[in-house]
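Reviewing the structure listed below.
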Amino acid sequence: MADRPRGGDRRRIIVAITGATGAVYGVQLLRRLHGTPDIESHLVVSDAASLTLHQELGLQRRDVEALAHVVHRNRDVGASIASGSYQADGMVIAPCSMKTLAAVAHGFSDNLVTRAADVVLKERRRLILMVRETPFNLAHLRNMTAVTEMGGIIFPPLPSFYHRPATIADMVEHTVDRVVDLLGIENAQAARWGGMKGEQDA
């Protein structure tokens, strides 16, 4: 799919989906970006992610690609987003496998997901990794530290309960809200903390 020309204040956000569990986060983020004015989403789906999307959500790759403005193949290391001269505003890997985390942490850019992440880091743009694994071993923790030291943001998609979610979808939405906030995108629908309520306020 050819890139759309960037016009005015249109912001480009790269979304990568890798093979870790939690494909719903990447899909829901794409849906949110698709409905946000002045945002142009660029999508990369790994081969392992295609399997996870089908296993967890019953979706085919083409179903997810339809949610993005621009689609890139993971093997296309010559794509626009592989260059720092292409002005993307940020990138989210949702979910981020430990393999992808390790590659980003060590600059091993052997596919478009990891190359684009490397570009975002070297250009000092915002990189958010929604890492999915538990428990973490020492290699995982050291890789997360390395990415943090390079300026990336490690964002495990841990659910919050202060907003009293009633469904899994509520928990996913709240997590995506936090990611959208980190991207600096206006997000009026997000549930905001209003302070602790005492028993007399309940």
Side-chain angles (χ1 to χ4, degrees), residues 11-33 36 38-46 49 68 72 74 81-84 86-109 111-163 171-187 189-193:
R11 299 181 58 196
R12 294 173 176 145
I13 302 297
I14 303 166
V15 177
I17 302 178
T18 66
T21 188
V24 65
Y25 293 107
V27 171
Q28 195 56 34
L29 177 59
L30 283 170
R31 287 176 175 147
R32 184 72 64 81
L33 296 177
T36 303
D38 302 322
I39 295 293
E40 178 181 279
S41 58
H42 289 245
L43 173 65
V44 188
V45 178
S46 73
H72 305 277
N74 197 28
I81 59 174
S83 172
Y86 191 76
Q87 295 183 328
D89 295 278
M91 178 175 182
V92 184
I93 304 181
C96 180
S97 66
M98 291 297 105
K99 177 183 177 181
T100 300
L101 168 68
V104 173
H106 296 278
F108 188 61
S109 303
N111 58 47
L112 187 56
V113 171
T114 52
R115 172 57 187 169
D118 188 63
V119 166
V120 169
L121 286 175
K122 79 180 182 69
E123 299 294 331
R124 305 300 190 265
R125 298 165 185 163
R126 179 139 292 187
L127 175 66
I128 301 169
L129 306 187
M130 298 184 73
V131 295
R132 270 296 301 121
E133 186 61 271
T134 190
F136 297 126
N137 66 33
L138 186 56
H140 302 155
L141 294 169
R142 285 176 171 165
N143 288 335
M144 286 188 277
T145 298
V147 171
T148 301
E149 290 173 340
M150 288 188 282
I153 297 175
I154 301 299
F155 192 107
L158 303 175
S160 298
F161 297 96
Y162 64 83
H163 62 298
M171 290 189 285
V172 171
E173 283 289 344
H174 188 264
T175 299
V176 171
D177 280 336
R178 297 286 292 114
V179 171
V180 171
D181 283 346
L182 285 172
L183 290 169
I185 297 171
E186 187 174 346
N187 189 19
Q189 74 178 59
R192 304 295 181 188
W193 175 247

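Keep in mind that this is a model prediction, so the values were computed, not measured. What's counted below: heavy atoms across the whole structure, side chains too, no hydrogens, waters or symmetry copies.
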Worksheet item: What is the ring orientation for His174 with His163, classed by angle as parallel under 30°, tilted 30 to 60°, or perpendicular over 60°?
Response: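 His174 and His163: parallel rings.
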
So does [Y] get a backbone contact from the side chain of [X], meaning a donor-acceptor N/O pair under 3.5 Å?
| X | Y | result |
| --- | --- | --- |
| Arg125 | Gly84 | yes |
| Arg126 | Gly90 | no |
| Arg115 | Val113 | no |

How many angstroms lie between [atom1] in [X] and [atom2] in [Y], if you round to the nearest 0.5 Å?
| X | Y | atom1 | atom2 | result |
| --- | --- | --- | --- | --- |
| Ile14 | His72 | CD1 | NE2 | 7.0 Å |
| Met130 | Thr175 | CE | OG1 | 6.0 Å |
| Asn74 | Leu43 | CG | CG | 10.0 Å |
| Leu127 | Leu121 | CG | CG | 5.0 Å |

Identify all side-chain donor-acceptor contacts of residues 19-31 below 3.5 Å with residues at least two apart in sequence or on another chain.
residue : atom : partner : partner atom : Å
Thr21   : OG1  : Glu56   : OE2          : 2.4
Gln28   : OE1  : Arg31   : NH1          : 3.4
Gln28   : NE2  : Glu173  : OE2          : 2.6

Enumerate, atom names and distances included, each donor-acceptor pair closer than 3.5 Å involving a side-chain atom of residues 98-106, sequence neighbours excluded.
residue : atom : partner : partner atom : Å
Thr100  : OG1  : Ser97   : OG           : 3.0
His106  : NE2  : Asn143  : OD1          : 3.0

Discussion item. If you count heavy atoms of other groups shown closer than 6.0 angstrom to OH of Tyr162, is the number above 12?
Written reply: yes

Worksheet entry | Steps toward side-chain contact (heavy atoms from CB on, under 4.5 Å) verdict (Asp38, Thr36) | CA-CA 7 Å; Asp38 302 322; Thr36 303; over 6 Å; no

Discussion item. Please give me the minimum heavy-atom distance between Thr114 and Ser109, naming the atom from each residue.
Written reply: OG1-CA, 3.4 Å

Worksheet item: If you take all heavy atoms of Met171 and Pro159, which pair is closest and at what distance?
Response: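 Shortest heavy-atom contact: SD-CB, 3.7 Å.
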
Report all side-chain donor-acceptor pairs from residues 131-142 shorter than 3.5 Å, counting only partners two or more places apart or in another chain.
residue : atom : partner : partner atom : Å
Asn137  : OD1  : Ala139  : N            : 2.9
Asn137  : OD1  : His140  : N            : 2.9
His140  : ND1  : Asn137  : N            : 3.0

Fill in: Pairwise side-chain contact, Thr18 with Ile93, heavy-atom cut-off 4.5 Å (strictly under)
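Thr18 reaches Ile93 side chain to side chain.
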
Discussion item. Is there a side-chain contact between Tyr86 and Glu123 in this structure, where contact means two heavy atoms from C-beta onward sitting under 4.5 Å apart?
Written reply: no

Item to complete: Step by step, work out the side-chain contact (heavy atoms from CB on, under 4.5 Å) result for Val92 and Leu182.
Response: CA-CA 10 Å; Val92 184; Leu182 285 172; over 6 Å; no

